[in-house]
Amino acid sequence: MADVIPVPSSHLTSVALGKSYRNGANCVEVLQGVNLDLRKGEFLSIIGQSGSGKSTLLHLLGLLDSPDIGEVRLDGKRIDHLPAKTRDDLRNRIFGFVFQFYHLLPELNLIENVLSPLMIRYSTWEYWKRRHELKDRARDLLAQVGLDHRMKHKPNQVSGGELQRAAIARSLITEPEVLLADEPTGNLDVDTGKGIIELLNQLNSERQLSIMMVTHDEAIARRAQRIVRLCHGQIEYLREKVA
Ligand code: ADP
Ligand code: MG
């Protein structure tokens, strides 16, 4: 195991993470010893070509998949090897996810989509008891992402940028500590994409939300505080934005 001393303010850490996929006789080594720290309250971009393993890395860090070797640590404690149930609880409590294709449920309107993680988190009875408070929270979040006029719209009745804003509101309803965003602007035109990055920047500075965003677009990546590049299965270089 590589001896990586966690930075004191380190929040989410990957230690010598390795992951490969077997495809028949071929073995694709995607991650080959990734060491990376997301600091508390930081907005970090991971850039890399298509197929370089960005999504794989995000999935490992967010406990959606398990590494072959190495560790994922949260506040210095290893979390990737915990029992499945503990990992599920941790994932729901700590992480928010935003994806390129939004993954909203088409039959639910936007406010119902935002509420959906809580319907999963709470029992039916608990949810029903708290429904007014939870709906107020969902309304506040939709207003914060600029969708107060779209709450009852279905996903097919709003634009791509609005879908991503709703998906961001949904990711925040569980009050995550870390937001993992996989190509959040990948399906949007340039200006709409900029609006989404501005929203992420605002959430980062106002809520001290730690954000790790992967993108293949360097112009988008530059809007974060720090950029790292994933190349040949490893983190290649770091760049800090000068304040
Ligand atoms: P990126 O997000 O940077 O485009 P990915 O992490 O999605 O890259 O994929 C990295 C590599 O791993 C690609 O070559 C991809 O084909 C392969 N890969 C990803 N997931 C799987 C899987 N479940 N089974 C087999 N190969 C996979
Ligand atoms: Mg990807």
Side-chain angles (χ1 to χ4, degrees), residues 2 12-38 42-74 79-81 84 87-88 91 94-104 160-161 163-168 170-171 176 178-190 192-194 196-197 199-200 210-239:
L12 186 64
T13 315
S14 101
V15 184
L17 274 191
K19 181 79 179 174
S20 48
Y21 293 109
R22 186 159 288 285
N23 216 337
N26 289 335
C27 181
V28 186
E29 291 193 27
V30 182
L31 304 179
Q32 304 181 58
V34 169
N35 293 312
L36 183 61
D37 252 311
L38 178 70
E42 179 180 39
F43 185 176
L44 172 75
S45 287
I46 302 177
I47 194 166
Q49 289 183 342
S50 179
S52 59
K54 303 182 297 300
S55 296
T56 302
L57 177 59
L58 221 59
H59 291 170
L60 296 184
L61 287 170
L63 306 182
L64 291 168
D65 199 358
S66 297
D68 299 333
I69 52 165
E71 297 184 4
V72 178
R73 294 181 192 161
L74 181 74
I79 57 170
D80 62 278
H81 67 321
R87 271 187 296 148
D88 289 346
R91 186 189 315 116
I94 304 295
F95 299 107
F97 295 92
V98 176
F99 303 98
Q100 178 175 356
F101 296 106
Y102 329 119
H103 298 325
L104 294 176
L163 288 173
Q164 195 57 299
R165 286 174 185 275
I168 290 171
R170 180 187 54 186
S171 77
V178 179
L179 191 73
L180 299 173
D182 193 350
E183 307 265 7
T185 65
N187 205 37
L188 302 173
D189 62 71
V190 174
T192 310
K194 274 188 191 154
I196 293 296
I197 300 299
L199 174 61
L200 293 179
S210 308
I211 302 180
M212 187 181 281
M213 172 179 76
V214 311
T215 173
H216 63 275
D217 183 338
E218 194 147 351
I220 289 288
R222 263 192 235 114
R223 322 224 1 159
Q225 290 155 5
R226 190 162 63 105
I227 306 177
V228 303
R229 183 185 295 277
L230 188 57
C231 189
H232 304 305
Q234 297 198 324
I235 294 300
E236 197 182 48
Y237 77 83
L238 311 180
R239 206 190 71 174

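In each ligand, atom 1 is the first atom listed, and ligand 1 is the first ligand listed.
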Query - Candidates Arg87, His59, Lys19 - the one meeting side chain to side chain donor-acceptor pair (under 3.5 Å) with Ser66 - result: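 Single pass found, and it is Arg87.
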
Query raised in the report: Can you find an N or O of Asn23 that's nearer than 3.5 Å to an N or O of ligand 1?
Result: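 N/O-N/O distance under 3.5 Å: no.
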
Query raised in the report: Taking distance alone, with no angle check, do Gly53 and ligand 1 share an N/O pair under 3.5 Å?
Result: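 It does: an N or O of Gly53 is found under 3.5 Å from an N or O of ligand 1.
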
Query - Chi angles and distances behind the side chain to side chain contact (heavy atoms under 4.5 Å, CB included) call for Val98, Leu180 - result: CA-CA 6 Å; Val98 176; Leu180 299 173; over 6 Å; no

Query raised in the report: Who's the nearest protein heavy-atom neighbour of atom 24 (N) of ligand 1, and how far?
Result: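 Here the nearest protein heavy atom works out to Tyr21 CD2, 3.5 Å.
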
Query raised in the report: Which residue holds the protein heavy atom closest to atom 4 (O) of ligand 1, what is that atom called, and what is the gap in Å?
Result: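 Ranked first by proximity to atom 4 (O) of ligand 1 is Gly51 N, 2.7 Å.
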
Report task. Would you tell me which option among Gly233, Ser20, Ser55 has the nearest heavy-atom contact to atom 2 (O) of ligand 1? Result ->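 Considering heavy atoms of Gly233, Ser20, Ser55, the nearest to atom 2 (O) of ligand 1 sits in Ser55.
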
Report task. Pick whichever of Lys54, Lys19, Glu183, Arg22 has a heavy atom sitting closest to atom 3 (O) of ligand 1. Result ->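 Comparing heavy atoms across Lys54, Lys19, Glu183, Arg22, the nearest one to atom 3 (O) of ligand 1 lies in Lys54.
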
Query raised in the report: How are the rings of Phe97 and Phe95 set to each other: parallel, tilted or perpendicular (split at 30° and 60°)?
Result: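 Phe97 vs Phe95 ring planes: tilted.
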
Query - Under-4.0 Å protein heavy-atom contact, atom 16 (O) of ligand 1 - result: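 Within 4.0 Å: no protein heavy atom nearby.
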
Query raised in the report: Nearest protein heavy atom to atom 21 (C) of ligand 1: under 4.0 Å?
Result: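 Yes.
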
Report task. Classify the side-chain pair His232/Gln32 by whether it contains a donor and acceptor separated by less than 3.5 Å. Result ->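 Checked: His232/Gln32 side chains show no N/O donor-acceptor pair below 3.5 Å.
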
Query raised in the report: Are a donor atom and an acceptor atom from the side chains of Ser20 and Asp68 found within less than 3.5 Å of each other?
Result: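 Side chains of Ser20 and Asp68: pair found under 3.5 Å.
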
**Report entry** Residues Leu17, Val72; criterion side chain to side chain contact (heavy atoms under 4.5 Å, CB included); working and verdict
**Finding:** CA-CA 8 Å; Leu17 274 191; Val72 178; 4.1 Å; yes

Query - Candidate pair Leu36 and Met212, rule side chain to side chain contact (heavy atoms under 4.5 Å, CB included), full reasoning - result: CA-CA 11 Å; Leu36 183 61; Met212 187 181 281; 4.0 Å; yes

Query raised in the report: Looking at the Mg ion (ligand 2), is one of the N, O or S atoms of Ser55 less than 2.8 Å from it?
Result: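 It does; at least one qualifying atom falls short of 2.8 Å.
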
Under 4.0 Å from a heavy atom of [X]: which atoms of ligand 1 are those, numbered in the order shown and with their elements?
| X | value |
| --- | --- |
| Val30 | 10 (C), 11 (C), 12 (O) |
| Thr56 | 5 (P), 6 (O), 9 (O) |
| Gln49 | 3 (O) |

Query raised in the report: Under the 3.5 angstrom rule, does the side chain of Thr215 hit a backbone N or O of Ala221 as a donor-acceptor pair?
Result: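 No, Thr215 side chain to Ala221 backbone: no donor-acceptor pair under 3.5 Å.
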
